[in-house]
Student: 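Dumping the structure here so I can ask a few things about it.
Numbers here are sequence positions counted from 1. The figures that follow rest on heavy atoms only: side chains count, while hydrogens, waters and symmetry mates do not.
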Amino acid sequence: MSDAPFHSLQTERLRPRVQRPARRAMWGTLGFVALLLALGLGSFAYQRLHRAALEELTDQGRSTLRLAVAALNGELRRYDRLPGLLAQQEVIRELLGRPREAERVHAANTYLATTARMMETSDIYVMDLSGTTLAASNHAQPLSFVGGNFAFRPYFLDALANGQGRFYGLGTTSQVRGYYFGAPVLMDDEPAGVLAIKIDLHPIEESWRGSGTEVIVTDPEGIVFMSTTPDWTFGATLPLTAERLARTRATRRYADRPLAELPIRAATGPDGQPLWRISRAGGATEYRVIREDMPDAGWSVQVLVDTSPARQQALTRLALGALLAGFAMLALVIVWQRRAALRERMALQDAAQAQLERRVVERTAELAAVNSQLAEEVAERTATEERLRATQADLVQAGKLAALGQMSAALSHEFNQPLGAAQNYAENAQAYIARGRIDEAASNIDRILGLVGRMSELSKHLRNFARKPNAQLSDVPLAEALDAVREILGWRLRGQGIDLRMDIPPLVVRAGPVRLQQVLVNILSNAIDALEGREARAISLSARAAGDQAVLTIADNGPGIAPQLVERIFDPFFSTKGVGKGLGLGLSISYNIVHDFGGTLSVHNAPGGGAVFTLTLPLAAVSVPA
């Protein structure tokens, strides 16, 4: 018996069941204070984390802005001096000196087209003092600038007045955005016309897309003319007042393209930096605005950084910090509770120690009684085991006697047939001697001696019935074994007028010669018995090779075997013959012998009547001699 139930019961009695009200009140107050403190700290931490995340995004935006401005400045500086250099070319001066000569116009058009392809510009064209285009690189295109007047463009006016012109706008002819450079063509130190170059900034705009931030470029009126979001192009970031619209229309910067204000709501972030909230079809998005002006071009480049990742990052970091803090608090609580539980367990152990000591004496007495009872049970089991061993010895002896009885029955059955044949040969020998036919009598005596020798072999086989399987096997010609069997049973076949038909090819099987004859004698004897009382009596034997097996079929035209008895036909002591006509061991012994050879023995009823025994035996590896 175990003292665990008693210890558990005693511990449960000593454990307090209800906490004190004062302790519950204290824990409630501490929990409320901790909640307020956690909320305050969480709000403060979120503000700091949000501000830090915004600063990280702002730094990323500044890097993007620097790259965007550098790309624009680099592209503009690439073509900054090109208009002045091209304006000094002789082919351009000759065109302005004699603008009506077709040869000069053709030469200028060819030169400008070649130069535009080489310098990778959009268009290059030459205008006279009235602003009319005399020659252009796109002279062969449907929307050629030749004949067009661009005197209203600021780059034309500034080139004549200041020596150079710069302007960004939408082409009135091509409807393609571009940046224009203008330079005067001087003849005798006096302006004779203006050479203009238009470059396409669309590749730079395409390179900005996919950076994860929005980039826009606005003109002095706050109108977007370059953007990573196509829907924002030609939208205004400032209110479209009448003055701004008038200045824009005067230069026809955007041709006849309609302008509209973008849905922007300006705000200030927690760090004092500007924010834009832009409405879209899917909702509004808040952006941090980072701006840098390009005074030479008169542009303002602005990078818009989505602030939602900053909020998500702040919330993620806050949640991670809260989780770590929670784990720390949980660890402290667990340590405190374990120490309290340890103190309580120690108190309970001290209180239970005395009770346990009192129980020791009682349990000692109980264990002594149990030990005495166990000793008695051990003695009883020892006596039982001795009786069991005696019983097992008796059963072994009974099994031996049963085996001896079965062996005696097998000997009696196997000797009946050779004895009957010997008796027949002896009677015939007596008749031959009485008639003076000594040679034939001697032949019968030789056969009797052969049967006696065969009975000796059978007796030896039955004595070795318990040997290991597949031992003492040899190569046996199947035809010779059947000839010996036919000699043993010839008197019965002739006596009953049975027609024995044999179709046996020269096959050699792996078996024991005597035991194989025993199997064939048993099967043929059963077939002869089954033909008693039949008018036409016939038994057919045929053999064939099937792979590495020899298949021997023994069929009779008797009544066959009842279907319900087919499965039991090979059982020991089972017989379909009448009382006193057999022990029911022949087929059982034959079945086991065939399996010992590594073959099979089966039976079935033929469709036309009669039983068919099928015997399979392994073929020998040698060939049958001719």
Student: Which distance, rounded to the nearest 0.5 Å, do you find between the CZ of Arg77 and the CG of Leu72?
Tutor: 10.5 Å
Student: Ile278 versus Leu304: any side-chain heavy-atom pair under 4.5 Å?
Tutor: yes
Student: Apply the test side chain to side chain contact (heavy atoms under 4.5 Å, CB included) to residues Met127 and Arg153: give CA-CA distance (whole Å), side-chain angles for both, the deciding distance (0.1 Å), then the verdict.
Tutor: CA-CA 12 Å; Met127 297 167 285; Arg153 287 295 199 183; over 6 Å; no
Student: Would you say Ile92 and Leu86 make side-chain contact, with heavy atoms under 4.5 Å?
Tutor: no
Student: Just jot down the side chain to side chain donor-acceptor pair (under 3.5 Å) partners of Glu103, sequence neighbours excluded, or say none.
Tutor: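 Scan of Glu103 (side chain to side chain donor-acceptor pair (under 3.5 Å), adjacent residues dropped) gives none.
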Student: For the pair Arg244 (side chain) and Pro239 (backbone), establish whether a donor and an acceptor sit closer than 3.5 Å, ignoring hydrogens and angles.
Tutor: yes
Student: Mind checking side chain to side chain contact (heavy atoms under 4.5 Å, CB included) for Ala116 and listing every partner two or more places apart, or none if nothing turns up?
Tutor: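 Once residues adjacent in sequence are excluded, the partners of Ala116 under the side chain to side chain contact (heavy atoms under 4.5 Å, CB included) criterion are Thr121, Ile124, Ser137.
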Student: Taking salt bridge (Lys or Arg N to Asp or Glu O under 4.0 Å) as the definition, give me every residue that meets it alongside Arg291, ordered by chain and number, with sequence neighbours left out.
Tutor: Asp293
Student: Taking Thr614 for its side chain and Ser602 for its backbone only, find out whether a donor-acceptor pair lies under 3.5 Å.
Tutor: no
Student: I'd like to check the side chain to side chain contact (heavy atoms under 4.5 Å, CB included) partners of Arg100; sequence neighbours left out, ordered by chain and number.
Tutor: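 Result, side chain to side chain contact (heavy atoms under 4.5 Å, CB included) vs Arg100: none returned.
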Student: Give, for atom CG of Leu507 and atom CG of Leu617, the distance between the pair rounded to the nearest 0.5 Å.
Tutor: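 Rounded to the nearest 0.5 Å, the CG-CG separation comes out at 10.5 Å.
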Student: Are the side chain of Tyr79 and the backbone N or O of Met119 linked by a donor-acceptor pair below 3.5 Å?
Tutor: yes
Student: With sequence neighbours excluded, tell me which residues meet salt bridge (Lys or Arg N to Asp or Glu O under 4.0 Å) with Asp80.
Tutor: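 For Asp80 the salt bridge (Lys or Arg N to Asp or Glu O under 4.0 Å) partners, ignoring immediate neighbours, are Arg166.
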Student: Rounded to the nearest 0.5 Å, how far does CD1 of Ile204 lie from CD1 of Ile199?
Tutor: 7.0 Å
Student: Please give me the minimum heavy-atom distance between Gly182 and Pro83, naming the atom from each residue.
Tutor: C-CB, 4.4 Å
Student: What distance do Gln302 atom CD and Ser227 atom OG have between them, rounded to the nearest 0.5 Å?
Tutor: 10.5 Å
Student: Could you pull out all residues at least two apart from Ala87 that satisfy side chain to side chain contact (heavy atoms under 4.5 Å, CB included)?
Tutor: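 Once residues adjacent in sequence are excluded, the partners of Ala87 under the side chain to side chain contact (heavy atoms under 4.5 Å, CB included) criterion are Val185, Leu195.
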Student: Report yes if the side chains of Leu473 and Asp596 come closer than 4.5 Å at any heavy-atom pair, otherwise no.
Tutor: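 Counting from C-beta outward, Leu473 and Asp596 never come under 4.5 Å.
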Student: Checking the side chain of Asp188 only, and the main-chain atoms of Glu190 only, is there a donor and an acceptor separated by less than 3.5 Å?
Tutor: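 Pair absent, no side-chain N/O of Asp188 close to backbone of Glu190.
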Student: Tell me, please, which residues at least two apart from Thr132 pass side chain to side chain contact (heavy atoms under 4.5 Å, CB included).
Tutor: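 Testing Thr132 for side chain to side chain contact (heavy atoms under 4.5 Å, CB included), a comparison that skips the adjacent residues, returns Asp128, Ser130, Asn149.
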Student: How would you list, by chain and number, every residue that makes a ring pair (Phe, Tyr, Trp, His ring centres under 6.0 Å) with Tyr111, sequence neighbours excluded?
Tutor: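 With neighbours one apart ignored, the set is empty.
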Student: Ring centres of Phe150 and Tyr180 under 6.0 Å apart?
Tutor: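 No, the ring of Phe150 stays outside the 6.0 Å limit from the ring of Tyr180, centre to centre.
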Student: Compare all side-chain heavy atoms of Arg359 with those of Glu362 and state whether any distance is below 4.5 angstrom.
Tutor: yes
Student: For the residue pair Tyr155 and Phe167, categorise the inter-ring angle as parallel (less than 30°), tilted (30 to 60°) or perpendicular (more than 60°).
Tutor: tilted
Student: In Å, rounded to the nearest 0.5 Å, how long is the span from CE of Met226 to OH of Tyr168?
Tutor: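 These two atoms lie 6.0 Å from each other.
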Student: Of all residues at least two apart in sequence or in a different chain, which pass the salt bridge (Lys or Arg N to Asp or Glu O under 4.0 Å) check with Arg247?
Tutor: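 Result, salt bridge (Lys or Arg N to Asp or Glu O under 4.0 Å) vs Arg247: Glu221.
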Student: Go through the structure and list residues passing ring pair (Phe, Tyr, Trp, His ring centres under 6.0 Å) with Tyr179, not counting sequence neighbours.
Tutor: Phe181, Trp299
Student: Once ring pair (Phe, Tyr, Trp, His ring centres under 6.0 Å) is applied, do any residues pair with Phe156, and if so which ones, sequence neighbours excluded?
Tutor: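 Once residues adjacent in sequence are excluded, Phe156 has no partner under the ring pair (Phe, Tyr, Trp, His ring centres under 6.0 Å) criterion.
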Student: So, does Ser144 use its side chain to make a donor-acceptor pair with the main chain of Asn138 at under 3.5 Å?
Tutor: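 Looks like yes, one N/O pair under 3.5 Å.
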Student: Just to verify, what does Arg81 make a salt bridge (Lys or Arg N to Asp or Glu O under 4.0 Å) with, not counting sequence neighbours?
Tutor: none
Student: Rounded at 0.5 Å granularity, tell me how far CD in Gln89 sits from CD in Glu94.
Tutor: 11.0 Å
Student: Between Arg338 and Val335, is a side chain to side chain contact (heavy atoms under 4.5 Å, CB included) present by the stated rule, with each step listed?
Tutor: CA-CA 5 Å; Arg338 285 186 175 180; Val335 170; 5.8 Å; no
